[in-house]
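Since we're looking at a predicted model, the values are computed, not measured.
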Amino acid sequence: MRDTDESPDAGDISARLLVWYDRHARVMPWRVGPAERRAGQRPDPYRVWLSEIMLQQTTVAAVRDYFRRFTERWPDVEALAAAPDADVMAEWAGLGYYARARNLLKGARAVVALHGGRFPGTRDGLLSLPGVGPYTAAAVASIAFDEPATVVDGNVERVVSRLFAVETPLPAAKPELTRLAATLTPQERPGDHAQAMMDLGATICTPRKPVCSLCPLRPDCEGHRAGLEAELPRKAPKAEKPVREGRLWIAVRADGAVLLETRPERGMLGGMLGWPGTDWDRSGGPAGAPLEADWRETGVEVRHTFTHFHLRLEVLVAQVAEAALPARGSFVPRADFRPAALPTLMRKGWSVAAAAIRHPTGEERLA
DNA sequence: AAGACGTGGGA
DNA sequence: TTCCCAAGTCT
């Protein structure tokens with residue numbers, strides 16, 4: 001029996017975490033490290049906001065180059081707000097969750113039009129921006145404005161569920177995890193605390209095989225004490241992904257121009273450039289080819305898996321005359337066509353079509 | 001309020 | 001190959 005409770009309180013946990021962060025903070029282009037921070041350097045709210053939008057459901061590794069290109073091209077919120085929609089969507093292509101890019105522009109324009117080009121300096125103010133939810137608002141408020149807001153992302157959920165041995169499965173456990181995370185948020189250095197929690201989750205308290213031997217919070221961790229660290233957080237089982245099918249029409253004009261269309265704002269790949277195609281509900285779909293031509297089956301299927309379904313698209317190609325008049329989409333001159341401006345699914349379609357055009361089958365060569 | 005919404009990398 | 005997942009938000 002102990003006559004004193006030796007389990008550390010929340011302040012001790014955060015203090016220990018910050019000591020670890022001072023030594024191990026990862027370097028990121030949008031981050032002001034703990035040392036620079038102490039020297040008085042402040043992060044630019046625009047860069048923090050942009051990075052946090054990009055980081056939603058997306059790995060740091062995937063974000064790095066996109067962040068660099070965006071900030072080189074649009075160094076501040078005024079520049080971004082003034083950018084044409086198509087330029088921003090093309091620059092976002094490949095990063096996924098394209099509603100983020102549409103909301104990014106709306107958000108930038110709101111900051112300029114409604115807030116004189118200054119980001120709202122509080123969590124509640126930030127929440128009013130499109131694309132900014134509870135996570136992003138708390139992240140920007142704490143990192144850029146020193147507000148002691150509690151940041152809860154997937155990393156924090158994992159760290160907290162282990163630290164307090166929360167056995168309730170996600171997403172039901174979310175409110176409790178948020179409440180527990182809030183008990184750890186310090187008044188001083190809340191932004192570094194938030195980033196430390198996320199770094200810890202990303203490097204030590206990882207989903208599989210957490211490296212407890214290197215964890216600064218191991219003495220405090222109930223999950224580890226119970227031998228449950230690898231089991232937590234528990235999660236509700238996921239639904240099976242259905243397979244959907246459809247067809248893609250890729251037309252190349254004699255002068256090299258390619259037939260593309262801008263997809264509707266709503267729905268999959270909303271607002272992005274893509275090849276005309278059928279619906280993905282059933283093979284063949286109701287929609288006809290975007291123009292009359294000698295459509296050739298490539299015999300190659302594009303396979304792509306989204307968050308909630310698998311997709312298989314049959315690719316058809318046609319080489320058409322310069323006078324061809326499409327019923328859907330418009331021809332983009334070859335010099336202006338960059339596959340990189342397409343979402344990944346559509347890039348795959350282009351790879352198939354380009355190969356089919358370069359290497360027609362024997363039969364077609366004879367024809 | 002449950003489902004829609006991308007992608008690439010690792011096991 | 002297949003599955004899981006990563007710094008969520010919107011409707």
Using a 4.0 Å heavy-atom cut-off across all strands, classify A:Gly201 as base, sugar-phosphate, or nothing. nothing

Roughly, in whole Å, what's the span from CZ in A:Arg100 to P in B:dC5? 15 Å

Decide, yes or no, whether a salt bridge links A:Asp279 with A:Arg244 under the criterion of side-chain N to carboxylate O below 4.0 Å. no

Which is true for A:Arg31 with a 4.0 Å heavy-atom rule: it touches a base, it touches only sugar-phosphate, or it touches nothing? base

Could you please spell out the steps behind the ring pair (Phe, Tyr, Trp, His ring centres under 6.0 Å) verdict for A:Phe306 and A:His308? CA-CA 6 Å; A:Phe306 293 109; A:His308 51 298; 7.4 Å; no

Nearest-Å distance, CE (A:Met89) to P (B:dG6)? 9 Å

Indicate, with a heavy-atom threshold strictly under 4.0 Å, whether A:Pro171 touches base, sugar-phosphate, or nothing. nothing

Nearest-Å distance, CG (A:Leu104) to C1' (C:dT9)? 13 Å

Counting just side-chain N and O atoms, does A:His308 come under 4.0 Å of either OP1 or OP2 of B:dC5? yes

Rounding to a whole Å, what distance do you find between A:Lys209:NZ and B:dG10:C1'? 12 Å

OP1 or OP2 of B:dT7 less than 4.0 angstrom from a side-chain nitrogen or oxygen of A:His304, does that happen here? yes

Quickly work out the A:Arg312 CZ to C:dT2 P distance and round it to whole Å. 8 Å

Which is true for A:Val132 with a 4.0 Å heavy-atom rule: it touches a base, it touches only sugar-phosphate, or it touches nothing? sugar-phosphate

Test log, rule salt bridge (charged side-chain N to carboxylate O under 4.0 Å, His left out), inputs A:Asp153 and A:Arg158: CA-CA 9 Å; A:Asp153 72 334; A:Arg158 187 168 57 254; over 6 Å; no

Ignoring backbone atoms, establish whether A:Gln57 has a side-chain N or O less than 4.0 Å from OP1 or OP2 of C:dG8. yes

With sugar-phosphate meaning primed atoms plus P, OP1 and OP2, does A:Arg303 contact a base, only sugar-phosphate, or nothing at under 4.0 Å between heavy atoms? nothing

Is the closest side-chain donor-acceptor distance between A:Glu91 and A:Tyr66 under 3.5 Å? no

Between C:dT9 and B:dG8, how many Å separate the two P atoms, rounded to a whole number? 22 Å

Please determine whether a side-chain nitrogen or oxygen atom of A:Tyr97 lies at a distance below 4.0 Å from atom OP1 or OP2 of B:dA4. no

Examine the base of C:dG8 for any acceptor or donor lying under 3.5 Å from a partner atom in the side chain of A:Tyr135, and report the outcome as yes or no. no

For A:Pro233, is there any backbone N or O sitting under 3.5 Å from a side-chain donor or acceptor partner on A:Glu157? no

Result for 5'-nearest mapping on DNA chain B, choosing between A:Arg266 and A:Ala62, is A:Arg266

Do the numbers put A:Arg100 on top of the ring of A:Tyr97, so that NZ or CZ is under 6.0 Å from the six-membered ring centre and no more than 45° off the axis? no

Atom CH2 of A:Trp280 and atom P of B:dG6 are separated, to the nearest Å, by 9 Å

Closer to the 5' end of DNA chain C via nearest nucleotide, is it A:Val156 or A:Asn103? A:Val156

Check every strand shown and say whether A:Leu95 touches a base, only sugar-phosphate, or nothing at a heavy-atom separation below 4.0 Å. base

Does OP1 or OP2 of C:dT9 have a side-chain N or O of A:Thr136 closer than 4.0 Å? yes

Measure the distance from CG on A:Leu170 to P on C:dG8 and round it to the nearest whole Å. 12 Å

Once you apply a heavy-atom cut-off of 4.0 Å, does A:Met28 come out as touching a base, just sugar-phosphate, or nothing? base

First of A:His310 and A:Glu52 reached from the 5' end of DNA chain C, by closest nucleotide: A:His310

Using a heavy-atom cut-off of 4.0 Å across all strands, would you classify A:Gly94 as base, sugar-phosphate, or nothing? sugar-phosphate

In whole Å, measure the gap between the C1' atoms of B:dC5 and B:dA1 for me. 16 Å

With distance as the sole criterion, do the side chain of A:Thr344 and the base of B:dG8 form a donor-acceptor contact below 3.5 Å? no

Tell me what A:Thr305 touches on the nucleic acid: a base, only sugar-phosphate, or nothing, going by heavy atoms under 4.0 Å. base

Where the side chain of A:Lys238 is concerned, which of C:dC5, C:dG8, B:dC5 is the nearest nucleotide? C:dC5

Cationic N near anionic O, under 4.0 Å, A:Arg37 to A:Asp22: no

Would you measure the distance from the P atom in B:dG3 across to the matching atom in B:dT7 and give it in whole Å? 22 Å

Rounded to whole Å, please give me the gap between CG in A:Asp153 and P in C:dC5. 15 Å

